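To start, the structure under review is shown below, and the notes come after it.
Each chain gets a letter, A, B and so on, in the order the sequences are listed, and its residues count up from 1. Being a predicted model, the structure only gives us computed values, none of them experimental.
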Amino acid sequence: MNYDFREIEAKWQKYWAENETFKASNHSDKPKFYALSMFPYPSGAGLHVGHPLGYIATDIYSRYKRHKGFNVLHPMGYDSFGLPAEQYAIQTGQHPAITTENNINRYREQLDRLGFSFDWSREVRTSNPAYYKWTQWIFIQLFNSWYNKTSDKAEAIETLVSQFEKEGNAKVQAACDEDTPIFSAEDWNGFSTKTKQELLLKYRLTYLADTEVNWCPALGTVLANDEIVNGVSERGGHPVIRKKMTQWSMRITAYAQRLLDGLDNIDWPQPLKDSQTNWIGRSEGASVTFNVLDAERSRRDGDVISTSLNHPYQIEVFTTRPDTIFGVSFMTLAPEHDLVAKITTPEQKAAVGAYVEATAKRSERDRMADVKTVSGVFTGAYAEHPFTKEPIPIWIGDYVLASYGTGAVMAVPCGDQRDYDFAKHYNIDIPNIFEGVDISEEAFADKATTIIANSDFLNGLSYKEATKKAIAELEKIGQGKGKVNYRLRDAVFSRQRYWGEPFPVYYVDGMPQMIDVEHLPLELPEVEKYLPTETGEPPLGNATHWAWDRLKAAVVSNDLIDHVNVFPLELNTMPGWAGSSQYFNRYMDPRNNEAIFSKEAIDYWQDVDLYIGGSEHATGHLLYSRFWQHFMFDRGYVPKAEYAQKLINQGMITGTSAFVYRVDLKFHWETTSNVEFKQPSLSRAIYISKNYYKKFEDLRNFILNSELSAHDKNEFMMGIGFTKGLASVNNDTVFFDILDDEKKQTLSDFTRLFESVRKDIYSQNVGVIVEDLKFTPIHVDVSLVNASDELDIESFKKLNPENLDVTFIREEGKYIVGREVEKMSKSKYNVVNPDAICEEYGADSLRLYEMFLGPLEQSKPWNTAGITGVFSFLKKLWKLYAPYVDGSLSGVEAEPTAENLKTLHKTIKKVEEDIENFSFNTSVSTFMICVNELTTQKCTSRAILEPLAVLVSPYAPHIAEELWERLGHSGSIAEVPFPKFEEKYLVESSKEYPISFNGKMRFKLEFPTDMDSKAIEAAVLAHEKTQEQLQGRAPKKVIVVPGKIVNIVG
RNA sequence: GCGGAUGUGGUGGAACUGGUAGACACGCUAGACUUAGGAUCUAGUGCCGCAAGGUGUGCAGGUUCGAUUCCUGUCAUCCGCACCA
């Protein structure tokens, strides 16, 4: 009986579904194991072979853990809010919920075919109101919390309010807005409710703030940085301006340090940790305050010695090099800096204004990309050096970013290359404050060898000493202190989109109010169209029923808004990462309608033991979800501050695109012709096979790279008479003489092709002169190409009627396509979807093959060429069980031989180690070796075949279940204990020693394993082959490593 | 520029803490069985060489009895961040 994977796989998939084999219980005596794959966004394109890579790995591990006696939670769901569905809705008017539902169904179908051990009863969808109820709930918790720097955790906002009532905010150590004013308890108690709310917003972990965004008026939306190219929108090329908008933000910066520290406690890939570290961007230094000199006064008497009275303005800067404070020769403000308008002198006003305006037009990314140009303008104002009291000119320059630090720098040209370049460009002083360093060519930034000079009290100190001393002195005069700065910004949480979670927020007197948790979820309203409103409001502005009736606790018609009982609701929606930031916890108790999860559930499951997903989420989902988890931990909802102890990034599977090469013309119009100009084209398209393409290209390059003179090569390029390039080469030309016979053959192939094309075009009489041919690679669908890169011409023609009338120039009867590794994408026709593979080879083959491709973390090109290897392995495996499968077992079952047992236990050991190390590719090889050996041994022993089926089952579960059943068992193999490895079957009585000379293996000798080094050495030296190798020389040294190797030096 | 990852046959990739480089698989070659085969089986297959032998893990060094593995430098490819003060 043959291995009928179609029947077997359908049978067991049905069995698992009907018996809920993989349903996890929240109550169990078994140890828990939580294995999680990142949930997908259900795109319209469906699943491709890259998606399952991580899922298969997680699935293998989950199944393995079940065999090992764990209660395994292995859920799957959908990150189903997102832009593509919305984009599609805008284009077609179809509700995103419908397309999303369709896409999910397609995904589910595809996932089911792959035999995953998901507990589908726990499926979540982020766009489902029952789910996003809890996303809204978390938002409310964040709103009702502040970050207490003293206890270093988030606390309920009430504790802050009670502090305000008692002692104001002067002593409060909190993460809050920079511009938070100081107030006393009396002030607070006297404030109006609105003022109190305004002030509290400055402390809440989610808050409303004016944020600069890339606003595209034409599209009526805010664009992400990467949606802007050269200052205009990527789609449509509309102008984009920087605009301030009131938006929800998340105070993630409060957690910067803890997010950084937490990385030390989790087993995540180093590159990913590095990315997060880099993104958080901690830098230590000092904040220094510079007083701005009174412009009027300094001009009037030319006296720049300040008094404590004339400091109307101060500039705060952050520096990582306070040790270089005596090297400051100017300051630079970001053009957007608030002080710019205030301090600029009348003389400089025009120049500064023009510069500021010019900068505003450039996007931040634009400015950052343009590193080379130095530009700036002098404001006319001066600041005062905190120690020397010398005046320091204040410039503005776009190399200073408003969004980093304080938007101002103290420029130390001798120690910073950007400052150096700026100073050189504008002829500003470059004082040298380094001992024995030449700064005539470039700045000196090496901290390690720094010795400070010309710096008063810092002279002779190293970077470290000087930094400490400078900070101490700044503190003494009250003009600075040590400070840690983070690159991380608070995260904008508003999106001007439709297809996202609505905020549970309505506005009373412009102040946001949270809807009571008991009234959640606040469901997304229906709208006529998914575009922004005509007044530029987000799509929710189109909803007619989008007002909150406080008395009825219900959404009502906008007409009823009276600002007494009925109030407008928030029009923004939440961003994509909202729904994914706690989904892993929701899986623990996904149908709970009373709480995000029950205490029992979270106490039992605790955290994710293994999380597998792509590295593209390094600074998005994987950072934000850690932030929310820390918050949930602070507020006592979850027991662990880090939700995933172990994380693995699976590599991307790239596609192998296929190309055909179309013959195109190089031509010019025949000027004398009076024929109407018409783009010439071949009456019958010609595609040439890869090797022709390659040979023609090579020949062209050969001539261009030859020894011929530049003049000749030029002629080759530009043309001789009416032809150029290869078309111009004939036996009268110099090019011809340098060709060998093979190249002449290639040339004659080309010439034949060229002539036939020319004949074709001239017969059309379109008034052109054909000069040369060019060959354009065109993507073809990879499904039309076989393992030998041969194109299935018939199917190619059928697929596209345009191709019916095409001439294929073949090589040896075949049309060979060119191949290139590219990212898998629809437009490149290199997407391979798992359905076709399942159809042809089955899910078990696909699972094995994806693992067999290579290490999980590595990215690799998809190439189906090798799949026959794992497929024939499964057939061999099936055959091994033939006596049980077809009932042909006659008489008694054979006892396992020592050889059988050795093979089995070797396999158990290796497979167990491999799974624990996530080295799934090598265990597939191990299975192959095992089956090959058992086949040679003609093993039919149940004592071998039963454990083997269990070993294979995590990888190829369908065939394992079937074989298990055929062996006479009822029920699933899923929880059968994993075979126990026993060392005793591997013990050998002798070892074949490699005998090497000077490190090179020459021959092998067999010795008993218990033979000692001395005896081995004697036996080896006495051996005739050794004497032969030595050829009379006396060995200088003999190294014997028992059980390993013998090395003779001599 | 900074940070990270990876370089091994024609291809995907093995080689555990330094100890027989190329396991396993694809492909290729030859053969067997077949009307046929993209089915199955057998043998071979890093490179040079008829062979003996030599050579070989991006490149150049170093440590070692012995290096794909450790160290230094360098090149290439890919990814992330990027005027970060």
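- Between the side chain of A/Asn278 and the base of B/C81, no donor-acceptor pair of N or O atoms lies under 3.5 Å.
- Taking side-chain N and O atoms only, A/Lys1037 has a distance below 4.0 Å to OP1 or OP2 of B/C65.
- Both A/Met1001 and A/Met410 lie near RNA chain B, and the one whose nearest nucleotide falls closer to the 5' end is A/Met1001.
- In this structure, the side chain of A/Gln417 engages the main chain of A/Ala443 through a donor-acceptor pair within 3.5 Å.
- The residue A/Glu850 sits apart from the nucleic acid: no heavy atom pair falls under 4.0 Å.
- Residue A/Val1041 is classed as a base contact, given a heavy-atom separation below 4.0 Å to a base.
- For A/Phe318, there are no ring pair (Phe, Tyr, Trp, His ring centres under 6.0 Å) partners at least two apart in sequence or on another chain.
- Residues passing the side-chain contact (heavy atoms from CB on, under 4.5 Å) test with A/Glu840, sequence neighbours excluded: none.
- Pairs of residues two or more places apart, or lying in two chains, that qualify as salt bridge (Lys or Arg N to Asp or Glu O under 4.0 Å) and include a residue from residues 319-333 of chain A are A/Arg321-A/Asp323.
- Using a cutoff of 4.0 Å between basic side-chain nitrogens and carboxylate oxygens, A/Glu284 and A/Arg282 are scored as salt-bridged.
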With the criterion being N/O to N/O and under 3.5 Å, what pairs connect the protein with nucleotides 12-16 of chain B, and how long is each?
residue, atom, partner, partner atom, Å
B/G12, O2', A/Leu853, O, 2.6
B/G13, O5', A/Leu853, O, 3.4
B/G13, O3', A/Asn921, ND2, 3.4
B/A14, OP1, A/Asn921, ND2, 2.8

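- Shown here are the side-chain contact (heavy atoms from CB on, under 4.5 Å) partners of A/Met1011, two or more places apart in sequence or in another chain: A/Phe1007, A/Pro1008, A/Ala1015, A/Ile1016, A/Ala1019.
- The strand RNA chain B forms stems, runs of 3 or more Watson-Crick or G-U wobble pairs with distances below 3.5 Å, at B:1-7 with B:75-81, B:10-12 with B:24-26, B:27-32 with B:40-45, B:46-48 with B:53-55, B:58-62 with B:70-74.
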Would you list the protein and nucleotides 51-58 of chain B atom pairs, both N or O, that sit under 3.5 Å from each other?
residue, atom, partner, partner atom, Å
B/G54, OP2, A/Arg1002, NH1, 3.2

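- Among residues two or more places apart in sequence or in another chain, the side-chain contact (heavy atoms from CB on, under 4.5 Å) test is passed with A/Lys875 by A/Tyr3, A/Phe871, A/Ser872.
- Rounded to a whole Å, the CD atom of A/Glu933 is 15 Å from the P atom of B/A23.
- With both ends at atom P, the span from B/U34 to B/G44 equals 24 Å, rounded to whole Å.
- Between A/Val374 and A/Tyr426, some side-chain heavy-atom pair lies under the 4.5 Å cut-off.
- Ring geometry, A/Tyr955 versus A/Phe920: the interplanar angle exceeds 60°, so the pair is classed perpendicular (tilted spans 30 to 60°).
- Within the nucleic acid shown, A/Asp419 has no heavy atom closer than 4.0 Å to any nucleic acid atom.
- In the model, A/Ser925 has no side-chain atom that pairs as donor or acceptor with a side-chain atom of A/Thr922 under 3.5 Å.
- Where A/Thr319 and A/Ser996 meet RNA chain B, the nucleotide closest to each residue was compared, and A/Ser996 sits on the side nearer the 5' end.
- If you take CD of A/Gln276 and P of B/C81, they are 13 Å apart, rounded to a whole angstrom.
- One atom, CZ of A/Arg487, and another, P of B/C2, lie 17 Å apart when rounded to the nearest Å.
- Under the salt bridge (Lys or Arg N to Asp or Glu O under 4.0 Å) criterion, no residue pair touches residues 1038-1050 of chain A, with sequence neighbours excluded.
- Straight-line distance from the CZ atom of A/Phe997 to the P atom of B/U20: 16 Å, rounded to whole Å.
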Distances for protein N or O near nucleotides 39-44 of chain B N or O, under 3.5 Å:
residue, atom, partner, partner atom, Å
B/U40, OP1, A/Lys875, NZ, 3.3

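- Looking at heavy-atom distances under 4.0 Å, A/Ile929 makes contact with sugar-phosphate atoms alone, never a base.
- At the heavy-atom level, A/Asp274 lies under 4.0 Å from the strands shown only through sugar-phosphate atoms.
- Under the rule for a ring pair (Phe, Tyr, Trp, His ring centres under 6.0 Å), A/Tyr486 has no partner lying at least two apart in sequence or in another chain.
- A/Lys1036 comes within contact range of no nucleotide atom at all, as no heavy-atom separation falls under 4.0 Å.
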Exercise for review: Would you please test A/Tyr399 and A/Phe422 for ring pair (Phe, Tyr, Trp, His ring centres under 6.0 Å) and show each step?
Suggested key: CA-CA 9 Å; A/Tyr399 79 98; A/Phe422 195 88; 5.3 Å; yes
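- Residues passing the side-chain contact (heavy atoms from CB on, under 4.5 Å) test with A/Asp4 are A/Arg6, A/Glu7, sequence neighbours excluded.
- What separates CD1 of A/Ile1039 from P of B/G19 is a distance of 15 Å, to the nearest Å.
- No side-chain heavy atom of A/Met331 sits under 4.5 Å from any side-chain heavy atom of A/Ile396.
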